[in-house]
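We name chains A, B, ... by the order of the sequence lines, and we start the count at 1 in each one.
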2 protein chains.
Amino acid sequence: MSQDPPAPTSGLQRLWRLDAPPRGGRPTLSVRRVVAAAVELADAEGIGAVSMGRVAEQLGFTTMALYRHVAGKDELLELMSDAAVGEPPPTDGAAPWRARAHSWSLAMLRRVREHPWITEVPFSTPPLGPHRVRWMEAGLRALRGCALDAEQKLAVINTLNGIVWHEVSLEWQQARARDRAGRDPAGAFADYGRALASVAAPERFPELAALVADGVFGEPDAAPGPAGPAPVQDFDDPLVAFAVDRFLDGVELLLERQGGGAG
Amino acid sequence: MSQDPPAPTSGLQRLWRLDAPPRGGRPTLSVRRVVAAAVELADAEGIGAVSMGRVAEQLGFTTMALYRHVAGKDELLELMSDAAVGEPPPTDGAAPWRARAHSWSLAMLRRVREHPWITEVPFSTPPLGPHRVRWMEAGLRALRGCALDAEQKLAVINTLNGIVWHEVSLEWQQARARDRAGRDPAGAFADYGRALASVAAPERFPELAALVADGVFGEPDAAPGPAGPAPVQDFDDPLVAFAVDRFLDGVELLLERQGGGAG
DNA sequence: TAAACCATGTGTATCTTATACACGTCCGAG
DNA sequence: CTCGGACGTGTATAAGATACACATGGTTTA
């Protein structure tokens with residue numbers, strides 16, 4: 001009755017106490033290992049493949065063993081996505097805020113791309129995990145010296161986050177559509193461009209049709225082969241970079257208008 | 001063999017053919033009705049509540065009846081989210097692109113807010129439904145007369161989308177956290193602010209702690225009552241508006257730099 | 001050192017859901 | 001009038017989450 005008052009936040013606590021020393025005895029399983037296995041599984045086969053059973057199997061334990069370490073699947077998902085974003089990179093104290101914000105965004109982009117399934121996890125909670133919180137802190141630190149008020153800073157990092165997540169989410173969906181087409185040549189279009197083309201009648205969707213014709217979604221004359229391996233484009237960021245840069249330009253502009261210079 | 005070649009895209013087709021005339025005879029159930037019922041359910045109780053069974057019950061049919069009209073739950077979800085975004089508002093031909101883009105974003109924001117569960121639907125496909133596509137078209141139309149190239153226009157509307165969705169997603173998560181706290185006063189924090197406060201130790205998270213202290217996440221001295229009904233803030237958009245405006249400012253700036261004026 | 005404890009795993013049972021299949025029915029076409 | 005197909009129904013199956021009660025071995029306590 002002394003060491004652990006049930007505390008109103010078991011969930012949150014678990015989120016932050018991954019390292020609680022193994023309490024009773026043999027430290028075979030652990031939250032860390034469970035989460036790690038789950039993340040690995042998701043990386044390999046998507047969140048769809050993450051079931052309590054599969055994770056347990058991966059670890060060589062029974063399904064129910066997991067419940068000794070996580071409250072349930074929801075909590076596991078929360079832990080997974082927090083773990084997957086991992087640690088933010090250090091903030092370059094010398095760089096101006098603009099450059100720091102930019103690289104913070106790109107770092108996040110890369111991280112999320114490594115675990116694209118994060119974008120599919122149905123979050124039930126706003127970001128409260130230790131890693132997420134550390135990214136927030138890092139983002140705010142990046143904006144130090146920028147003359148925005150607290151609310152605006154928060155809006156800035158939220159927006160950057162939104163841009164990045166949305167982008168990865170789209171990439172991911174397209175990639176999936178692509179390889180669904182690979183597996184089942186009859187069931188889906190080889191790529192988003194072709195699908196859009198089939199659907200965007202030029203009379204009703206002139207603008208869209210023009211984009212498609214422009215090849216913005218991929219060359220329309222790319223081999224329509226039954227199930228080409230689809231050369232995984234690795235546009236390393238032009239699209240996101242565009243968005244991030246425009247947004248940050250806008251923020252800079254605001255600062256200039258407001259105060260004349262950077263605080 | 002004349003009216004409906006099986007076509008490689010039954011899914012896509014169903015997405016676009018909601019109005020196919022009732023083929024055989026009595027038009028009791030229909031894709032429309034199924035989707036409508038599902039949307040209603042999701043609006044009322046969240047996507048979590050949407051199961052084939054519940055939807056069927058809602059309509060007074062058996063679960064299996066639904067399968068005559070949709071291929072399965074995934075397709076239903078796709079149809080639902082397309083239906084939920086609905087029709088984009090008309091484009092104001094007279095307004096400048098900037099204003100049009102702005103109101104397009106706000107229209108989308110409002111729409112998504114009406115059906116916040118959309119942000120939780122695990123998309124397996126890039127946007128191909130008729131409504132989604134119409135929103136894209138509308139977005140592009142809004143950008144007509146703006147001297148961006150095709151790719152950039154696409155990036156702009158994607159970004160605006162990302163900003164909006166991410167925002168709604170956050171609002172939604174916070175709202176849920178809030179009323180989870182209401183239901184189970186011990187299980188979660190009354191609000192995000194308090195939760196963050198409990199977690200963001202000032203020594204390790206100075207920036208964040210400052211924000212929290214600033215009351216950016218809600219006043220820290222708000223009654224910590226066991227389950228206050230939590231005055232649902234209705235910031236109609238200041239945060240999103242900030243993001244959208246900054247971004248569009250950035251785009252304008254780019255155009256000025258590029259060409260001197262708007263095409 | 002012996003006894004009690006408790007954290008950890010296990011096995012089994014249950015409940016919810018999605019979905020395959022086969023059957024009956026009623027409509028309109030020939 | 002009869003046949004075929006669209007539409008609903010009912011039943012069966014399988015996956016998955018999770019509650020519960022029990023076994024076990026190290027830790028702690030008397």
Side-chain angles (χ1 to χ4, degrees), chain A residues 1-4 6 10-11 13-14 17-35 37-38 41-42 45-80 121-122 124, chain B residues 1-4 6 10-11 13-14 17 19-34 37-38 41-42 45-80 121-122 124:
Chain A
M1 59 165 78
S2 55
Q3 47 184 53
D4 242 5
S10 36
Q13 289 199 340
R14 196 152 4 211
R17 298 275 174 86
L18 287 183
D19 307 304
R23 290 218 269 178
R26 62 272 90 148
T28 25
L29 248 194
S30 70
V31 200
R32 300 192 95 67
R33 290 190 60 197
V34 171
V35 173
L41 224 183
E45 308 182 36
I47 6 103
V50 176
S51 69
M52 301 301 274
R54 287 292 306 274
V55 174
E57 185 188 4
Q58 204 88 155
L59 289 161
F61 289 82
T62 33
T63 305
M64 292 312 292
L66 304 192
Y67 287 88
R68 292 289 174 196
H69 303 272
V70 297
K73 195 178 185 180
D74 286 351
E75 192 180 283
L76 176 56
L77 288 173
E78 206 168 325
L79 288 164
M80 285 173 65
V121 174
S124 48
Chain B
M1 62 162 78
S2 56
Q3 48 185 52
D4 243 5
S10 37
Q13 289 199 341
R14 195 149 9 210
R17 299 275 173 86
D19 306 304
R23 289 217 270 179
R26 61 274 93 147
T28 24
L29 249 194
S30 69
V31 200
R32 297 192 96 67
R33 290 191 60 200
V34 171
L41 225 183
E45 307 182 36
I47 7 103
V50 176
S51 70
M52 299 303 273
R54 286 293 303 276
V55 174
E57 185 188 5
Q58 205 89 150
L59 289 161
F61 288 83
T62 29
T63 305
M64 291 315 291
L66 304 192
Y67 287 88
R68 292 286 175 198
H69 303 272
V70 298
K73 194 178 184 182
D74 286 351
E75 192 180 283
L76 177 57
L77 288 173
E78 206 169 325
L79 288 164
M80 285 175 65
V121 174
S124 48

Is there a side chain to side chain contact (heavy atoms under 4.5 Å, CB included) between B:V121 and B:M80 once you walk through the steps? CA-CA 9 Å; B:V121 174; B:M80 285 175 65; over 6 Å; no
Chi angles and distances behind the side chain to side chain contact (heavy atoms under 4.5 Å, CB included) call for A:L29, A:H69: CA-CA 8 Å; A:L29 248 194; A:H69 303 272; 3.5 Å; yes
Going through the distances and angles, do B:E75 and B:L79 end up as a side chain to side chain contact (heavy atoms under 4.5 Å, CB included)? CA-CA 6 Å; B:E75 192 180 283; B:L79 288 164; 4.0 Å; yes
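Contact detail for A:V34 and A:L59: the closest heavy-atom pair is CA-CD1, 3.9 Å. For the residue pair B:G53 and B:T63, the shortest heavy atom distance occurs at CA-OG1, 3.6 Å.
Between A:Q58 and A:L41, some side-chain heavy-atom pair lies under the 4.5 Å cut-off. Side-chain contact between B:V50 and B:R54 is absent, with no heavy atoms from C-beta onward closer than 4.5 Å.
Spacing between atom OH of A:Y67 and atom P of C:dA7 amounts to 20 Å, rounded to whole angstrom units. Whole-Å rounding puts the B:L76 CG to C:dT17 C1' distance at 14 Å. When rounded to the nearest whole Å, the span between CG of A:L66 and P of D:dA17 equals 10 Å.
Residues from residues 56-64 of chain B with heavy atoms under 4.0 angstrom of DNA chain D, sorted by number: B:F61, B:T62, B:M64.
Distances from the side chain of B:T28 to the nucleotides D:dT9, D:dC7, D:dT18 place D:dC7 closest. Nearest nucleotide to the B:R68 side chain, out of D:dT18, D:dT9, C:dT8: D:dT9.
For B:H69, a side-chain nitrogen or oxygen approaches OP1 or OP2 of D:dG8 to under 4.0 Å.
Taking CG of A:L66 as the start and NZ of A:K73 as the end, the distance is 11.5 Å to the nearest 0.5 Å.
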Do any N or O atoms of the protein come closer than 3.5 Å to N or O atoms of nucleotides 12-16 of chain D, and which pairs are they?
none

